[in-house]
Amino acid sequence: MSNDNVKTPEQEQLGLTAEEISEQRQIRRDKLQELREMGRDPFVQETYNVTAHSKDIKDNYDALEDQEVAIAGRIMSKRIMGKAAFFDVQDKQGRIQCYVKRDDIGAEEYKVFKTYDIGDLVGLKGIVFKTKTDEISIHVQELTLQAKSLQVLPDKWSGLVDTDLRYRQRYVDLIVNSDVRDTFLKRAKVVSTIRRVLEDDYGFLEVETPVLQTIAGGANARPFNTHHNALDFDLHLRISLELPLKRLIVGGLDRVYELGKVFRNEGMDKNHSPEFTSMECYMAYGNQEDMMDLMEQIVYKCAMEVNGSPIISYEGKTFDVTPPWNKIDMTESVIKVTGIPFDKIDDDAEARERAITYGMDAEEVNKWTRGKIIAEMFDEYCEDIPGLLDGPVFLTGHPVEVSPLAKKDPKDPRITRRFEAYINGWELSNAFSELNDPLDQYERFAEQQRELDLGIDDEAHPMDMDFVNALEVGMPPTGGLGIGVDRLVMLLTDSSTIRDVQLFPVMKPLGKGSSSEEKIDRKLDLSKIKVEPLFEEFVDFDTFSKSDFRVVKVLACEEVPKSKKLLKFTLNDGSGQARTILSGIKETYSAEELVGKTLVAITNLPPRKMMGLESCGMLLSAICDYDGEEILNLLMLDDSIPAGAKLY
């Protein structure tokens, strides 16, 4: 199959054909060679004495007018008008216009300047002035090429919008999309503010703990596994920062925290990434309420630092993070929604019976205890109630069975002294009055290990005897808090996915089925393709026309837990209400690569439950047999087609 007329996302971004891109790149290489032959190789430059930056010049124009400044940056536009030219230079603070005349820098230098390309890096000295249109600019007196760009930057009007290309080439994304640079400047402010609150306001000490661990503990999650060749034993990348930090509390470092990367070998969606940044802190002689206060202060001060207001605006919704925040109880919420009086039920068998009668999956429920059932029913029936977890709000009262590291509530030993903080329905933090009873801890680890061994829960917490030993040495009463830094940054920057706030998000390598380039280049032997015979029976036209085929946009896509096949799609179908459709295509597509795609769905099928989730419609795919193997292709449309467009 020929693909001569098919453009890659990169070509689409540039507005050029593959042949034109190749020509442009060759021209730039030829220019570099000419410069070298003239003794002007830009890559011999080592330094440039920068005395000012674009925003500082604009903000301090009155003091800098008619003064000489030296700046360095990237040429982003160029307008040559005979013997003079205007060009924009972008540095770390933004852009500033520059004006250059042949008579000022010399005919030879001006001739060379005219060969410079968009993307080239220059250093220049000049006088600060205002043009006739009152634009603050620099009148160039001296100009030096610092590095030659051999690639073609995206078109200045359309920018770089293809999400896959943006994440893979973040260096280009940062150059051409100013809002992306702003997001990561804000992220840096969030991280520095968290440190300042912890250290200056609460007296915490920053520490570092191992990324490679023999036991992946501190959370219920699947780890990444690796092997130490020299010592010949297996290791895991950490799934949490918790247990090493608690060991330091035992050792007498009363207030410790760590900001670091954590790794979980699980599904990906707009809120989950296999590699993410976590902040965990532990306060000796602190409790759940102290951690609530700390959480409120961190989020409030981050919001003030980044946006100058305690009001967070996210996708049209607003959240006031001014302390104090509201609190809700997990068991009370389940009782209110389901009517099942779990506060009066102590027997596991009765809890199972009531849950199954209400509609929970019997096969799953029969493996669970009362506490586990309450937690699962909260996830199933309460989490998505409009407004319940919009917050900011603290969810409290977690059952012991799902909180293996939290202290039991002395008023009700069935629950723990734990909270999760929510904003916009997202869990932002998890916190405990930490369990410091070594006997209780051993029993909870043993139960978790049993579930792990029996295959009941492959994410259960493994036994960690060294941690139990540390508790036997004696850990003081302690409050602990963990915050998902990426999600907090998403909220504060109004970013739609977690990958928008990670400089280098995890991506499938090119050539592994993840890129559109690979799909374009794949050549099929058409003689090996078999399709099902066409239907011979006629379908009543009126009945067929009742099927509502609509264009849908993928807002989010995630793996369905415990399912080997299902992906859960959150779709914009043009109605103004998000639509959920489940599709058994996980073996063919990863969730991450489908976010942002334009698909086709039948939207008027009756809802049906799959793995306890309601699916409202069906996505359309093309299926054929190729050399004995089934090939499935989701029908993907041009992104210019609007959501909700009807197919005839």
Side-chain angles (χ1 to χ4, degrees), residues 163-164 166-168 170 173-174 177 179-198 206 211 218-224 237-242 257-281 294-295 298-303 305-307 312-315 317 319 321 389 391-392 420-431 481-507 555-559 570 590-592 595-596:
T163 53
D164 187 83
R166 283 182 51 231
Y167 299 145
R168 291 186 188 282
R170 183 67 87 185
D173 193 23
L174 291 166
N177 292 326
D179 57 329
V180 173
R181 289 197 304 279
D182 184 57
T183 291
F184 289 104
L185 291 174
K186 288 181 176 180
R187 181 186 177 110
K189 287 184 179 181
V190 169
V191 171
S192 63
T193 301
I194 291 173
R195 283 194 167 98
R196 187 170 65 251
V197 171
L198 289 167
E206 184 173 13
V211 171
N220 288 21
R222 186 181 297 114
F224 286 93
L237 273 66
R238 64 186 179 190
I239 59 173
S240 168
L241 309 173
E242 180 167 349
Y257 81 95
E258 183 172 7
L259 260 163
K261 292 289 187 182
V262 173
F263 310 88
R264 297 183 182 178
N265 195 2
E266 299 174 340
M268 300 173 65
D269 58 38
K270 71 174 188 176
N271 287 340
H272 294 86
S273 171
E275 175 184 348
F276 60 96
T277 301
S278 178
M279 188 291 295
E280 292 196 34
C281 62
L294 179 55
M295 179 64 186
I298 286 175
V299 175
Y300 172 76
K301 291 186 176 179
C302 283
E305 177 66 26
V306 170
N307 296 321
I312 295 176
S313 296
Y314 187 82
E315 295 186 344
K317 295 194 289 187
F319 312 96
V321 297
L389 297 178
E420 292 171 301
Y422 282 84
I423 300 178
N424 192 42
W426 303 350
E427 178 195 340
L428 283 186
S429 71
N430 197 12
L481 170 68
I483 297 176
V485 175
D486 304 276
R487 291 187 187 177
L488 178 57
V489 176
M490 284 175 66
L491 282 170
L492 293 173
T493 59
D494 199 4
S495 298
S496 59
T497 78
I498 193 169
R499 293 190 295 177
D500 286 338
V501 299
Q502 295 177 327
L503 279 168
F504 300 102
V506 175
M507 303 288 289
L555 302 175
C557 185
E558 59 190 285
E559 296 182 1
T570 303
S590 66
E592 62 163 348
V595 176

Query raised in the report: Do the non-hydrogen side-chain atoms of Lys301 and Arg196 ever get within less than 4.5 Å of each other?
Result: no

Query raised in the report: Going by heavy atoms in the side chains, are Leu481 and Met295 under 4.5 Å from each other?
Result: yes

Query raised in the report: Looking at Ile239 and Ala219, what are the two nearest heavy atoms and their distance?
Result: CD1-O, 3.4 Å

Query raised in the report: How far apart are the closest heavy atoms of Pro223 and Asn265, and which atoms are they?
Result: O-CB, 3.4 Å

Requested in this report: Compare every heavy atom of Asp494 with every heavy atom of Glu315, then report the nearest pair and how far apart it is.
Outcome: N-OD1, 2.9 Å

Query - side-chain hydrogen bond (donor to acceptor under 3.5 Å, both in side chains) between Ser278 and Arg238, worked out - result: CA-CA 11 Å; Ser278 178; Arg238 64 186 179 190; over 6 Å; no

Requested in this report: Kindly indicate whether the side chain of Asp486, heavy atoms from C-beta on, has any atom under 4.5 Å from the side chain of Ser273.
Outcome: no

Query raised in the report: Do Asp500 and Met490 touch side chain to side chain, with heavy atoms closer than 4.5 Å?
Result: no

Query raised in the report: Of all heavy-atom pairs between Leu241 and Glu280, which one has the smallest distance, and what is that distance?
Result: N-OE2, 3.0 Å

Requested in this report: Using a 4.5 Å cut-off on heavy atoms from C-beta on, say whether the side chain of Ser429 contacts that of Met279.
Outcome: no

Requested in this report: Side-chain contact test, heavy atoms from C-beta onward, threshold under 4.5 Å: evaluate it for Ser496 versus Lys270 and give yes or no.
Outcome: no

Report summary line: Exactly one candidate in Arg487, Arg187, Gln502 meets side chain to side chain donor-acceptor pair (under 3.5 Å) with Thr277; the answer is Arg187

Requested in this report: Compare every heavy atom of Glu242 with every heavy atom of Gly218, then report the nearest pair and how far apart it is.
Outcome: O-OE1, 3.2 Å

**Report entry** Derivation and outcome, side chain to side chain contact (heavy atoms under 4.5 Å, CB included), residues Leu198 and Cys281
**Finding:** CA-CA 8 Å; Leu198 289 167; Cys281 62; 4.1 Å; yes

Requested in this report: Kindly indicate whether the side chain of Leu174, heavy atoms from C-beta on, has any atom under 4.5 Å from the side chain of Phe184.
Outcome: yes

**Report entry** Heavy-atom side-chain proximity of Ser495 to Val489 below 4.5 angstrom
**Finding:** no

